[in-house]
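To keep things clear, I will list the structure first and then write my remarks on it.
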Amino acid sequence: MKILVLGGDGFCGWPTALHLSAAGHNVAIVDNLSRRKIDWELGTSSLTPMAALPDRLSAWKSLTGRTIAFELIDIAQEYARLLALIEDYQPDTIIHFAEQRAAPYSMKSADTKRYTVNNNTNATHNILCSLVDSGVDAHLVHLGTMGVYGYGWSGSMTVPEGYIEVKFVGKEGELKREILHPANPGSVYHMTKTLDQLMFAFYAKNDGIRVTDLHQGIVWGTQTPETEIDELLINRFDYDGDYGTVLNRFLMQAAIGHPLTVYGSGGQTRAFIHIRDTVRCIELAILNPPAPGAKPTIFNQVTETYRLRDLAALVSGLTGAKIDHLENPRVEADENELVVDNSKFLALGLNATTLSQGLLTEVHDIAGKYVARVDRSTILPTSRWRQERAEAGEFPLAKPTAKTAS
Ligand code: NAD
Ligand code: USQ
C-alpha cells in the first residue's frame with residue numbers, strides 16, 4: 001500500500017511510519033516540524049534524545065534498507081503543495097496525525113486557542129478538500145480522541161463507538177435515528193476534534209470520501225519494536241506541564257523523586273492505550289476501510305480505563321514515589337465513571353498491552369535511563385482553563401516562567 005503519514009515526526013506518527021514501513025508498505029511522511037518549534041517556544045524538550053528527522057530517516061534506511069520519504073509541508077497553510085503531493089503520490093491511505101494535540105497548550109492564551117483552531121480545522125479540511133479536488137480515492141484514517149464524548153455525560157453507561165440511537169419526540173410523532181454521539185469537549189483542543197467529526201460526516205455523505213476516525217485514549221509508553229532498534233530511532237517522550245500526558249508524567253516524576261502531580265481529587269477516570277497498541281490499531285484500521293459511500297467508521301482506540309488516584313497509587317507502589325494533590329488547573333468533573341466499548345478492535349484481533357505488563361519497563365528503560373535530561377522547571381502546570389481563577393488566587397499553581405508566559 002502507498003501510505004502518506006501526515007504528522008509523521010510526532011509521538012504517534014513516527015512509530016506508526018516505521019511500523020508500516022517494516023510491514024512492507026511504501027511510506028512517506030509529511031510534517032511541518034511545528035511540534036519541535038513549540039518545544040523551542042516553551043523551553044521544553046523530549047525526555048528521550050530524539051534525533052533530527054533527516055537523521056532518523058537515514059538511520060532507518062541504513063539499519064533496515066527501507067526508505068521513507070519526507071515532505072516539509074504545512075498542511076493547514078500550504079494547500080497547493082498538499083494537493084500536488086496527493087496528485088503526484090496517489091496514496092491508497094492517508095493517516096492524519098497532523099494537529100496541535102495538547103489540551104493545556106490550547107488553553108494557554110488567546111493566541112494558542114486561535115492557533116489550535118486554525119491549525120487543526122484547516123489541516124483536516126485541506127485534506128478532505130484535496131481528496132475531492134484531486135479525485136484520488138484514498139482511505140483517510142484520522143486520529144481523534146475519546147475527549148469528543150466528554151467525561152461523565154453518560155454516567156456509568158458504556159460509551160459506544162461513535163454513534164448513538166436517538167428517539168426524537170415532536171408534536172407530529174416519533175422519529176428514530178442514528179446520530180454522532182453528542183459532542184462534549186473539555187478544551188479548545190478537544191473542541192477541534194469534534195469539529196473534525198462534522199467535516200468527516202459531511203465529506204463522506206457529499207463526496208463519498210472513505211474515512212475512519214479513531215477515538216483514541218491517552219497514549220502511554222515510549223517504544224515500539226521498530227523505535228527500539230537503535231537510539232537514533234527513539235520515540236519522543238513529553239513530560240512537561242503542557243504536552244506531558246498524565247501517566248508518562250507520573251513515570252518521569254517517580255524517576256526523579258518528584259511527588260506525583262494529581263490534579264484535584266484524582267477521581268477523574270480516563271482511557272489509556274500503549275503506543276505499541278496505537279500502531280497495531282492503525283494497521284488494523286488501514287486494512288479494514290469502510291465501503292465507498294458509507295458513513296465514517298469510528299473505533300474507540302483504548303485498552304484500559306483508570307481512575308487517576310488509582311494510577312498514582314500504582315506508580316507509587318512500584319517506585320515509592322509520594323503523591324501530591326494539586327488544585328486542578330482545568331475545568332473538568334472531579335469524579336467520573338468511564339466504561340468504553342472497544343469491541344471492534346478486539347474483534348479484529350487486538351491483543352492489548354496492559355499497564356501491569358508495561359509499566360516496569362518504562363520505569364527502568366526510559367524514565368530511569370534518561371533521568372539526567374529532566375528539566376524540573378517545566379514539570380508543574382502553567383496553563384489554566386480560566387484565567388480569572390488563577391488571578392483570584394483560587395489555586396496555587398507555579399507562576400508561568402518567562403519562557404512559558406503568553
Ligand atoms: P505530536 O504533537 O507529537 O505529533 C503531531 C505531529 O503533527 C507533529 O510532528 C507536528 O509537527 C505535526 N503537525 C502539526 N500540525 C501540522 C501541520 N499543520 N502541517 C504538518 N504537520 C503538522 O502529537 P501525537 O501525540 O503524535 O498525536 C498525534 C495525533 O493523535 C493528534 O491528532 C492527537 O490529537 C491524537 N491523539 C494523541 C494522543 C496522545 O496521547 N498523544 C491521544 C489521543 C489522540
Ligand atoms: N492530570 C493530572 N496530573 C497531571 C496531568 C494531568 O492529574 O500531571 C489529569 C488531567 O487533569 C486530566 C487527565 O489527567 O484529568 C488527563 O490529562 P492528560 O494531559 O494526560 O490528557 P488530555 O489532556 O486529556 O490529552 C491527552 C492527549 C490528547 C488526547 C487525549 C485523549 O494530549 O492529544 O486527545 O489525551 S483523551 O484524554 O482520552 O481525550
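Start at 1 and go down the list; that is how both ligands and their atoms are numbered.
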Backbone or side chain, does any N or O of Thr145 fall under 3.5 Å from an N or O of ligand 1?
no
Are any of the N or O atoms of Gln100 closer than 3.5 Å to those of ligand 1?
no
Which is it for Tyr243 and ligand 1 at heavy atoms under 4.0 Å: side chain, backbone, both or neither?
neither
Take every heavy atom of Tyr189, measure it against each atom of ligand 2, and state whether any distance is under 4.0 Å.
yes
Mark up the atoms of ligand 2 that fall under 4.0 Å of a heavy atom belonging to Thr261, in ascending order.
2 (C), 3 (N), 4 (C), 7 (O), 8 (O)
Proximal atoms of ligand 1 relative to Gly144 (non-hydrogen, under 4.0 Å):
43 (C), 44 (C)
Which ligand 2 atoms are under 4.0 Å away from a heavy-atom of Gln268?
11 (O), 15 (O)
Does an N or O anywhere in Tyr263 fall below 3.5 Å from an N or O of ligand 2?
yes
Got an N/O contact under 3.5 Å between Asp238 and ligand 1?
no
Using the side chain to side chain contact (heavy atoms under 4.5 Å, CB included) criterion, which residues pair with Asn26? Sequence neighbours excluded.
Lys2, Tyr89
Steps toward side chain to side chain contact (heavy atoms under 4.5 Å, CB included) verdict (Cys281, Leu350)
CA-CA 7 Å; Cys281 284; Leu350 175 68; 3.8 Å; yes
Counting only heavy atoms closer than 4.0 Å, does ligand 2 sit against the backbone of Gln216, its side chain, both, or neither?
backbone
Could you list the residues that satisfy side chain to side chain contact (heavy atoms under 4.5 Å, CB included) with Gln90, not counting sequence neighbours?
Val136
